[in-house]
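Handing you a structure now.
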Amino acid sequence: MDLSDFPARLKKLRVDKSIKVSDVSSYLGEHLKPVSEKTIYGWESGVSMPSSKALLTLCEMYDVSDIRTAFDSSKTPPDTEGSPMHFLTPREWELVKSYRDRPEIKAIVRKIYDLDN
């Protein structure tokens with residue numbers, strides 16, 4: 001498993017969701033234990049690494065369902081040939097990414113497709 005760009009990928013996940021470091025600190029404090037903003041910046045700069053529990057909590061916050069794809073540089077991205085998701089068309093994959101990036105529509109989609117029953 002290649003984690004050489006783990007800090008950059010971790011930061012990108014947060015930035016792509018437009019989440020502030022202070023919000024991450026608050027979320028971790030509510031769901032796990034208090035974590036300072038300085039510590040989070042350390043994770044994102046490669047000074048230190050989050051614990052496994054902190055990483056799983058961050059993945060929950062960032063809507064990451066596949067940790068390997070999100071952080072392992074040696075893995076094929078999910079929208080390319082050879083990955084578990086290669087059977088999706090580019091348009092289907094765009095829809096999946098849009099769904100993941102817009103938490104406000106998840107409840108609507110789940111309701112339409114009766115996924116909560």
Side-chain angles (χ1 to χ4, degrees):
M1 182 175 223
D2 180 9
L3 296 175
S4 60
D5 63 350
F6 174 85
R9 286 175 177 241
L10 184 62
K11 182 176 182 176
K12 183 174 179 355
L13 286 167
R14 179 181 60 77
V15 170
D16 286 352
K17 292 281 187 186
S18 301
I19 299 172
K20 296 183 288 189
V21 172
S22 60
D23 294 331
V24 175
S25 178
S26 296
Y27 187 87
L28 290 171
E30 292 169 13
H31 292 85
L32 188 62
K33 68 177 187 172
V35 175
S36 72
E37 292 180 28
K38 183 179 178 181
T39 298
I40 296 162
Y41 283 120
W43 297 340
E44 293 181 352
S45 65
V47 173
S48 61
M49 294 284 279
S51 68
S52 56
K53 287 182 180 181
L55 179 59
L56 290 173
T57 304
L58 290 171
C59 287
E60 179 182 278
M61 182 180 197
Y62 300 157
D63 294 322
V64 171
S65 59
D66 184 350
I67 293 174
R68 245 200 176 145
T69 299
F71 296 107
D72 186 356
S73 301
S74 67
K75 291 290 170 196
T76 308
D79 57 346
T80 59
E81 188 67 32
S83 76
M85 300 299 285
H86 75 274
F87 58 89
L88 295 177
T89 67
R91 176 66 182 136
E92 289 168 333
W93 184 242
E94 286 301 315
L95 291 169
V96 169
K97 288 192 288 189
S98 177
Y99 172 81
R100 289 179 178 172
D101 292 340
R102 299 190 52 208
E104 71 276 9
I105 68 167
K106 288 183 178 182
I108 296 167
V109 171
R110 294 188 67 76
K111 181 80 170 168
I112 290 170
Y113 288 101
D114 198 27
L115 297 175
D116 290 325
N117 294 328

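In what follows, every heavy atom counts, from backbone to side chain, and hydrogens, waters and symmetry copies are set aside.
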Met49 reachable from Leu28 in the ILVMFWY side-chain graph, under 4.5 Å edges: yes
Between CG on residue Leu32 and NZ on residue Lys53, distance to nearest 0.5 Å: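 Answer rounded to 0.5 Å: 7.0 Å.
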Value rounded to 0.5 Å, distance of CZ in Arg9 from OG1 in Thr69: 9.0 Å
Side-chain heavy-atom pair Asp16, Asp101 within 4.5 angstrom cut-off: no
In one Ile/Leu/Val/Met/Phe/Trp/Tyr side-chain cluster, 4.5 Å: Val15, Val35: no
Minimum-distance pair of heavy atoms, taken over all atoms of Arg14 and Tyr62: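 Where Arg14 meets Tyr62 most closely, the heavy atoms are CB-OH, 3.4 Å.
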N/O donor-acceptor pair under 3.5 Å between Ser25 side chain and Val21 backbone: no
Atom NZ of Lys11: over 12 foreign heavy atoms under 6.0 Å: no
Closest non-hydrogen atom pair between Asp63 and Arg100, with its separation: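 Scanning both residues, the minimum pair turns out to be OD2-O, 3.7 Å.
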Considering all heavy atoms, the nearest Trp43-Pro7 contact: O-CB, 3.5 Å
Atom pair CD1/CD1 of Ile112 and Ile105 - distance to nearest 0.5 Å: 9.0 Å
Whether over 12 other heavy atoms sit under 6.0 Å from Lys106 NZ: yes
Interatomic distance, Asp66 atom CG to Phe71 atom CZ [nearest 0.5 angstrom]: 10.5 Å
Atom pair CZ (Phe6) and CD (Glu44), whose distance is rounded to the nearest 0.5 Å: 9.5 Å
Approximate separation, where rounding is to 0.5 Å, of Met61 CE and Leu56 CG: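 The distance works out to 15.0 Å.
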Shared hydrophobic cluster, Val47 / Ile40 (ILVMFWY, side-chain heavy atoms < 4.5 Å):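 Different hydrophobic clusters.
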